[in-house]
Engineer: 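Take this structure, written in C-alpha cells, and hold onto it; I'll ask about it next.
Residue numbering restarts at 1 for every chain, and letters A, B, ... go by the order of the sequence lines. Just so it is clear, the values below take in all heavy atoms, side chains as well, and ignore hydrogens, waters and symmetry mates.
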Amino acid sequence: MKLARSFYARDARKVAKALLGKALVHIDGGVRRAARIVETEAYHGEDDEASHARFGPTRRAGIMFGPPGIAYVYLIYGRSHCANVVTGTEGCPSAVLLRAGEPIEGCLHSTIGPGNLCRALAIHRDAHNGLDLESDELFVEDGPAPRERIIASPRVNVGFAGSWAEKPWRYTLQGNRFVSKPWPD
DNA sequence: CCAAGGATTGGC
DNA sequence: CCAATCCTTGGA
C-alpha cells in the first residue's frame with residue numbers, strides 16, 4: 001500500500017529509518033520497476049552543512065523547504081541522478097537520500113549506490129524532480145518490518161561539512177549485500 | 001560572466 | 001587513485 005504524506009511529515013532521521021525495508025516503486029509507462037530500500041541518509045535543517053539546503057532556498061534546494069512527500073531528484077557530477085524524499089514540515093528544509101536497494105521487479109541496472117538505484121528504476125531529474133509521492137507514477141509502498149537490524153553510521157562523501165560530517169545519519173540494514181561502499185562497521 | 005567544486009561511479 | 005562531466009552556487 002502506498003505511503004501517505006503523513007509518513008513523510010516527520011523528522012528526516014525517523015523517516016530515513018522507517019523507509020528501510022519498504023519498496024520504492026516507479027510505474028514507468030505501465031512497466032513496474034521496484035526495489036526494496038536498504039540504505040538511506042537524512043539531511044536535516046538549514047544548519048546541516050552537508051545539506052544542499054545550507055545555502056538557503058536556492059533554485060535547486062528550494063524544494064527541500066517545501067511540503068513533505070515530494071520527490072527531490074538532482075544530477076550529481078554531471079553523470080548520476082540521486083533520488084530523495086522531502087520530509088518534515090514546510091519551512092524547515094529536510095530530505096532523505098535513497099542510497100541503495102534490493103531489486104524486486106523491472107530493475108534495469110545495479111541498485112547499489114544512489115546513482116545506480118536511479119538508473120535501475122529509470123528515475124531522472126527532468127521527469128521526476130518535484131513529483132508528488134502520492135502520485136501513481138512514483139511512490140513508496142509499505143511492507144513488513146525488516147528483519148535485519150538497523151545500523152547508523154556517518155554519511156558518505158560529506159567530508160566538506162565539518163562536524164556535521166560526523167552525524168550518524170546514514171542508515172543501513174545490517175548484513176544486506178546491496179548496501180553500498182563504504183560498508184559501516 | 002567566471003571559477004570552483006560536488007549527497008558518484010567505474011576503470012586503472 | 002583518479003578522471004569524467006555538467007550543473008549549481010557564490011563572487012567579481
Side-chain angles (χ1 to χ4, degrees), chain A residues 8 11-20 22 24 26 35 37-66 68-88 92-103 107-131 133 138 140 150-173 176-185:
Chain A
Y8 303 100
D11 185 292
R13 293 156 292 194
K14 277 200 160 47
V15 176
K17 282 183 273 195
L19 281 170
L20 296 176
K22 303 199 186 323
L24 175 63
H26 175 203
I37 300 166
V38 301
E39 176 179 353
T40 58
E41 279 179 2
Y43 290 83
H44 177 254
E46 197 167 351
D47 295 336
D48 181 358
E49 286 293 317
S51 172
H52 289 167
R54 67 188 180 279
F55 298 123
T58 59
R59 201 164 75 191
R60 179 176 65 167
I63 191 167
M64 292 179 68
F65 290 73
I70 303 293
Y72 169 39
V73 184
Y74 62 88
L75 184 64
I76 187 69
Y77 296 109
R79 44 172 56 205
S80 301
H81 295 265
C82 292
N84 302 246
V85 300
V86 177
T87 55
C92 177
S94 67
V96 172
L97 171 64
L98 307 177
R99 287 194 56 88
E102 191 176 319
C107 290
L108 302 166
H109 185 74
S110 162
T111 52
I112 304 174
N116 287 332
L117 178 63
C118 281
R119 186 170 160 193
L121 298 185
I123 295 171
H124 301 266
R125 176 190 61 173
D126 293 348
H128 302 109
N129 188 39
L131 201 62
L133 295 171
L138 185 65
V140 180
I150 295 174
I151 300 188
S153 60
R155 295 172 290 182
V156 177
N157 286 331
V158 294
F160 56 85
S163 63
W164 293 88
E166 301 161 20
K167 303 280 185 191
W169 292 352
R170 178 195 190 199
Y171 304 98
T172 55
L173 290 180
N176 189 288
R177 83 175 186 88
F178 295 95
V179 168
S180 72
K181 289 182 184 178
W183 293 306
D185 300 325

Engineer: How would you list, by chain and number, every residue that makes a side chain to side chain donor-acceptor pair (under 3.5 Å) with A/Ser94, sequence neighbours excluded?
Structural biologist: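 In terms of side chain to side chain donor-acceptor pair (under 3.5 Å), with neighbours along the sequence ignored, A/Ser94 is linked to A/Thr87.
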Engineer: C/dT5 and B/dC2: how far apart are their P atoms, nearest whole angstrom?
Structural biologist: 22 Å
Engineer: Does A/Lys22 have any salt bridge (Lys or Arg N to Asp or Glu O under 4.0 Å) partners at least two apart in sequence or in another chain, and if so, which?
Structural biologist: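 If we apply the salt bridge (Lys or Arg N to Asp or Glu O under 4.0 Å) test to A/Lys22, skipping adjacent residues, the hits are A/Asp142.
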Engineer: Tell me every residue that passes salt bridge (Lys or Arg N to Asp or Glu O under 4.0 Å) with A/Glu46, counting only those two or more places apart in sequence or in another chain.
Structural biologist: none
Engineer: Is the shortest side-chain N/O distance from A/Thr58 to OP1 or OP2 of C/dT8 below 4.0 Å?
Structural biologist: no
Engineer: Kindly indicate, with the supporting measurements, whether the criterion side-chain contact (heavy atoms from CB on, under 4.5 Å) is fulfilled by A/Thr40 and A/Arg170.
Structural biologist: CA-CA 6 Å; A/Thr40 58; A/Arg170 178 195 190 199; over 6 Å; no
Engineer: Among residues two or more places apart or on two chains, list those pairs meeting salt bridge (charged side-chain N to carboxylate O under 4.0 Å, His left out) that have a residue in residues 47-62 of chain A.
Structural biologist: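 Residue pairs with at least one partner in residues 47-62 of chain A: A/Asp48-A/Arg155.
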Engineer: Would you give a per-nucleotide map of nucleotides 1-12 of chain B, 5' to 3', where B means the base has a protein non-hydrogen atom under 4.0 Å away, S means only the sugar-phosphate does, and - means neither?
Structural biologist: -----BBBBS--
Engineer: Tell me every residue that passes side chain to side chain donor-acceptor pair (under 3.5 Å) with A/Asp11, counting only those two or more places apart in sequence or in another chain.
Structural biologist: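 Expected list: A/Arg13.
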Engineer: Paired stems touching DNA chain C, three or more consecutive Watson-Crick or G-U pairs with both distances under 3.5 Å?
Structural biologist: B:1-6 with C:6-11, B:8-11 with C:1-4
Engineer: Suppose we screen for side-chain contact (heavy atoms from CB on, under 4.5 Å). Which residues come up paired with A/Ile150, at least two apart in sequence or across chains?
Structural biologist: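 Once residues adjacent in sequence are excluded, the partners of A/Ile150 under the side-chain contact (heavy atoms from CB on, under 4.5 Å) criterion are A/Lys17, A/Leu20, A/Tyr171, A/Leu173.
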Engineer: Do any side-chain atoms of residues 75-86 of chain A form donor-acceptor pairs under 3.5 angstrom with protein atoms, and if so which ones, sequence neighbours left out?
Structural biologist:
from, atom 1, to, atom 2, distance (Å)
A/His81, ND1, A/Arg125, N, 3.1
A/Asn84, ND2, A/Tyr72, O, 3.1

Engineer: Remember a base hit wins even if backbone is also touched, and classify A/Arg125 as base, sugar-phosphate or nothing at under 4.0 Å, heavy atoms.
Structural biologist: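 Touches sugar-phosphate only.
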